[in-house]
Amino acid sequence: MNATATEAKFVQVPAGLLPALRRAVADGREPVEAVTILRQVGYDTGEAVHAAVLDRAAQSRPGLPADALTADDFWDAASAYFRDAGWGELAHEQLHPGVGALDLHDWVEASGDGSDGVPPGCHLSTGIFADVLGRLAGGEIAVMEVQAQPGSSRLLFGSHEVLGAVYQGMVDGMSYSDAVTRLG
């Protein structure tokens, strides 16, 4: 079922919910398991976020059907949605025909330092964007965090095959940007 933003319910919660959730999920779990759960929670909420972003785009372009949105229309609406919802600033950059990047600045989730038992990172956001971007693409999209620091993060997205190649390049000692360049 695809929800519209008017069907999806949103509640305003304090930003402190995110570190509390991280701590609760990490309690008694291995770090990899905690990250997996957080990403799944994000993924499971992606449908409502997708609907809200499309509603935001429709408000800025009245009368334009959702399937007529340009990439710029979508990214403008997504940036405005996340900013106004209190998440922070979102910027999109196309690094390669098969790889996009999302820069998250002043991002409320980007505050974990690992002391809660969960590796630093924007795990909920990674899940949310995997679902939202998959809905846009009409299939699965992989999302991988490549830079995490207090207040900001960089996520890459693309097909599982392409991001797998980028990941392998990073395992082999390359920077993510060199691994993307190596894609050709």
Side-chain angles (χ1 to χ4, degrees), residues 3 5 8-56 75 77-93 95 99-137 140-158 160 163-164 166-168 170-171 175-177 179:
K9 294 187 182 208
F10 286 83
V11 297
Q12 186 172 353
V13 298
L17 174 74
L18 296 177
L21 179 62
R22 288 173 59 97
R23 284 189 304 276
V25 167
D27 189 29
R29 291 189 174 85
E30 292 296 318
V32 170
E33 184 183 8
V35 167
T36 300
I37 291 168
L38 289 167
R39 288 183 182 165
Q40 186 63 49
V41 168
Y43 189 85
D44 290 347
T45 60
E47 180 179 9
V49 173
H50 175 258
V53 170
L54 292 183
D55 266 12
R56 182 63 177 255
W75 290 115
S79 180
Y81 168 78
F82 282 102
R83 181 189 60 246
D84 293 348
W87 283 84
E89 296 295 325
L90 168 69
H92 167 260
E93 180 182 359
L95 302 178
V99 180
L102 299 178
D103 290 314
L104 313 176
H105 299 287
D106 297 324
W107 203 252
V108 69
E109 187 186 6
S111 60
D113 61 6
S115 64
D116 56 7
V118 179
C122 294
H123 310 301
L124 285 166
S125 300
T126 298
I128 290 169
F129 286 114
D131 183 76
V132 169
L133 295 171
R135 288 175 188 284
L136 288 173
E140 286 192 22
I141 295 294
V143 178
M144 174 173 65
E145 189 168 27
V146 294
Q147 288 179 334
Q149 56 192 20
S152 69
S153 179
R154 179 165 250 214
L155 308 177
L156 300 185
F157 66 91
H160 287 276
L163 279 196
V166 172
Y167 178 76
Q168 186 59 52
M170 292 170 64
V171 168
S175 68
Y176 75 85
S177 58

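Every value quoted in this text rests on a predicted model; they were computed, and no experiment measured them.
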Side chains of W107 and S152, heavy atoms from C-beta outward: is any pair under 4.5 Å? no
Look only at the side chain of R56 and the backbone of A78, and say whether a donor-acceptor pair between them is shorter than 3.5 Å. no
For A142 against H160, the heavy-atom pair lying closest together: CB-ND1, 3.6 Å
Compare all side-chain heavy atoms of V146 with those of M170 and state whether any distance is below 4.5 angstrom. yes
Quick one: pull up OH in Y176 and CD in Q147 and give me the separation to the nearest 0.5 Å. 4.0 Å
Would you find a donor on one side and an acceptor on the other, under 3.5 Å apart, between the side chain of S153 and the backbone of A110? no
Measure from the side-chain N and O atoms of E109 to the backbone N and O of L124, and report whether any donor-acceptor pair falls under 3.5 Å. yes
Compare every heavy atom of L104 with every heavy atom of S125, then report the nearest pair and how far apart it is. CB-CD1, 4.4 Å
Under 4.5 Å between any side-chain heavy atoms of L90 and D103, yes or no? no
S79 side chain to W75 backbone, donor-acceptor under 3.5 Å: no
What pair of heavy atoms forms the shortest contact from L163 to V99, and how long is it? CD2-CG1, 4.5 Å
For a quick test of reading the model, state the closest non-hydrogen atom pair linking T126 to R39 and the distance between them. CG2-NE, 4.0 Å
D106, CG atom: more than 12 neighbouring heavy atoms under 6.0 Å: no
For the atom pair CG (L156) and CG (L102), what is the distance rounded to the nearest 0.5 Å? 8.5 Å
Near-ring test Y43/F129, centroid separation under 6.0 angstrom: no
Salt-bridged, R135 to D131, with N to O below 4.0 Å? yes
Under a 3.5 Å distance rule, please check whether R22 uses its side chain to pair with a backbone N or O of P119 as donor and acceptor. yes
Please report the closest heavy-atom contact between A48 and F10, naming both atoms and the distance. O-CZ, 3.5 Å
Please determine if E93 and R154 form a salt bridge, counting it only when a charged side-chain N lies under 4.0 Å from a carboxylate O. yes
